[in-house]
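In the text below, chain A, chain B and the rest are named by the order of the sequence lines, each starting its count at 1.
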Amino acid sequence: MKLRSFRRFFVEAFQSLGRNLAMTIASIATIALTLFVCGIFTVLVMNVDKFASDIESTVEIQAFIDNDISATAAADLISDIRGMTGVETVTFISKEEALANMAAQLEETPADLLDSLGSNPLPDSYMITVADPNEVAGIAEKVESFSGISDAKYGEDTVDNMFTMLKWVRYFGIGLIILLIIASIVIVAFNIKITVASRKWEIVIMRYVGASNWYIRWPFCIAGMVMGLLGGIVSVGLLYGTYSLVIDKLSSVLVFMNLVSFNMSFVYMFLSMIVFGVFLGSAGSLLSLNVYLKERKKVQ
Amino acid sequence: MISLQGVSKKYDKGALALDDITMEIEPGEFVFLCGASGAGKSTLIRLLFREEGVTSGDIIVNGRDLNRIRRRDLLKHRRAMGMVFQDYRLLPKKNVYDNVAYAMEVTECKRKDIKIRVPEILEVVGLSHKALNFPSELSGGEQQRVAIARALVNRPAILIADEPTGNLDPQNAYELMEVLQTINEKGTTVVMATHAKDIVDCMRKRVIMLSEGQIVYDKARGGYHEVTLI
């Protein structure tokens, strides 16, 4: 294909986009919506991911001490735990402190709580923080195996629930994204098909005078790419605006959740959205044109 | 130039459109392809243009075996053939000059070559003075001459005309035949499918008559009046 032909392809592409302005706008809007929803889900997954790892990083191991342990054994135990690789801090929490904490959570006084319980059922415990959240499970298991420790918990249920939720958000997001991608390719293909039908004689003549298939395809392909590019830019604008608003309005409400702020990942995501928009547009146009060229072959 | 050996074409529905056709057309010949509707003329043209493949037999055009032609050579093959249709197939939004130039643009000719060649070919078909007119401003005969100019602008070795006078009155048809005659005299092989008995009889060129997919008559300087005697 010669370079000078591309000037002509671009002129033809923009002419055809202008001639079918309503369909062009509909196609751009569909691509923009598809990419916007893809973007929203990506941002959602990024945030749930971050939330999960934030929770994981703040996870502490609570190791409950046997009631009948001697003071010497307790001292040995704390130094053994402190000596473990990956353990950052070990804090002793007496059964009285534990009762006070529980009473505070239940908004009662420790004395009232003790009255209703009869005696303090809570054991002494150690609060252990670890350097690497990924090692929490392993360290908890080891601590539990020490003699004098009855149980070691780190909120594994909360973390597991979080990851299960993350998995379902991903599945749902991927399913919805696939459906939207198919919808936008079909709509772009439909738009280009209308354009192609309105120029069928031109295409027939092009074929009769020996134009190559790519010479016929390029103007339509460029039109699809332009629609995809514009759709991509619109979706990036929408996503940026929406997420800025979410950060602005929700960060003061959701104090426990630290939202992902704009960073390099967003730049890559925005660029990917635009590139993917161009891909959607060109795929839609080539699809409709190939079908059309095959049809013409059958008719003639 | 064009060689068909035992060519048959059968469609999916079972109809035999062409039945064991063998013929040779030499460079520079002017050949009328005659026959009633459904005789196989259009099928033969589609096979020559390689729009469709044969069911059996061999077709060689300009030295290319159309049964074994590669995709890249198919373009060269089509560029070496000019096509003219009964319904002209001009682009209504382009003027005469642009309609003709279009055939050169899509084959990616240089702009300076287009500027030289298009006026030349408009001169041949006698439409230099209408270069800036649009198809809707031309008579049927003039539109068909634009179609011929477009078919010839890339200097094809063969011109195939499918019922080119079908929509023309006798005067315009006669003028068109003069143009085709001139083109043929300049060396282009002309194959014209037609029903027009008067034109065929008057031109005294080679006539190949098809009936039910078979050649029933093939004679240099032939005519319809002889066929009725067969």
Side-chain angles (χ1 to χ4, degrees), chain A residues 1-21 23-24 192-224 285-286 289-300, chain B residues 11-12 42-43 45-53 71-85 87-94 98-114 135 146-156 158-162:
Chain A
M1 198 62 59
K2 288 176 182 157
L3 206 60
R4 64 171 172 271
S5 299
F6 277 86
R7 192 174 151 266
R8 179 188 161 79
F9 296 157
F10 273 96
V11 171
E12 281 186 14
F14 281 99
Q15 277 175 350
S16 74
L17 287 174
R19 259 183 238 137
N20 305 296
L21 199 60
M23 274 307 288
T24 302
I192 299 284
K193 204 165 182 174
I194 289 175
T195 316
V196 169
S198 69
R199 294 178 60 194
K200 67 175 180 181
W201 280 126
E202 206 171 332
I203 292 169
V204 169
I205 292 162
M206 281 164 113
R207 296 185 69 221
Y208 271 109
V209 295
S212 67
N213 277 349
W214 270 106
Y215 191 94
I216 298 171
R217 282 189 193 113
W218 265 116
F220 297 104
C221 188
I222 291 171
S285 66
L286 289 181
L289 204 58
N290 273 350
V291 170
Y292 184 83
L293 285 175
K294 275 181 194 165
E295 279 175 3
R296 298 309 306 170
K297 256 182 189 169
K298 277 180 200 162
V299 170
Q300 286 172 22
Chain B
Y11 286 103
D12 294 340
S42 297
T43 303
I45 286 174
R46 281 198 292 271
L47 295 184
L48 289 177
F49 198 65
R50 192 55 177 91
E51 274 288 323
E52 294 170 358
R71 200 180 182 83
R72 199 177 45 193
D73 292 332
L74 190 59
L75 282 182
K76 289 181 188 165
H77 166 67
R78 288 181 177 167
R79 287 173 188 180
M81 295 177 83
M83 290 288 291
V84 177
F85 303 93
D87 56 358
Y88 324 132
R89 301 191 183 180
L90 299 178
L91 297 168
K93 288 179 184 167
K94 290 185 189 285
D98 289 338
N99 260 289
V100 177
Y102 187 71
M104 291 185 81
E105 283 168 6
V106 302
T107 49
E108 303 194 278
C109 293
K110 289 180 185 162
R111 192 170 289 181
K112 74 172 184 195
D113 293 341
I114 296 174
V146 178
I148 290 172
R150 185 182 62 196
L152 291 174
V153 74
N154 286 322
R155 294 189 172 84
I158 303 166
L159 178 74
I160 294 186
D162 192 0

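With a 4.5 Å cut-off on non-hydrogen atoms, B:D87 touches chain A through its side chain but not through its backbone. For B:K110, the parts lying near chain A are the backbone and the side chain together; criterion is any non-hydrogen pair under 4.5 Å.
The stretch residues 6-16 of chain A places A:R7, A:R8 near chain B, each with some heavy atom under 4.5 Å from a heavy atom of that chain.
With sequence neighbours left out, the salt bridge (Lys or Arg N to Asp or Glu O under 4.0 Å) criterion links B:R155 to B:E120. For the ring pair (Phe, Tyr, Trp, His ring centres under 6.0 Å) test, residues two or more places apart in sequence or in another chain that qualify with B:F85 are A:Y208. By the side chain to side chain contact (heavy atoms under 4.5 Å, CB included) test, B:Y11 pairs with B:K9, B:A17, B:T43, B:R46, B:E52, sequence neighbours left out.
Atom OG of A:S212 is separated from atom CZ of B:R78 by 11.5 Å, given to the nearest 0.5 angstrom.
Scanning both residues, A:M206 and B:Y102, for their nearest heavy atoms gives CG-OH, 3.1 Å. Here the shortest heavy-atom pairing between B:L75 and A:A211 reads CD2-O, 3.4 Å. Considering every non-hydrogen atom in both A:I205 and B:R150, the closest pair reads CD1-NH1, 3.5 Å. For A:Y215 against B:E105, the heavy-atom pair with the smallest separation is OH-O, 3.1 Å.
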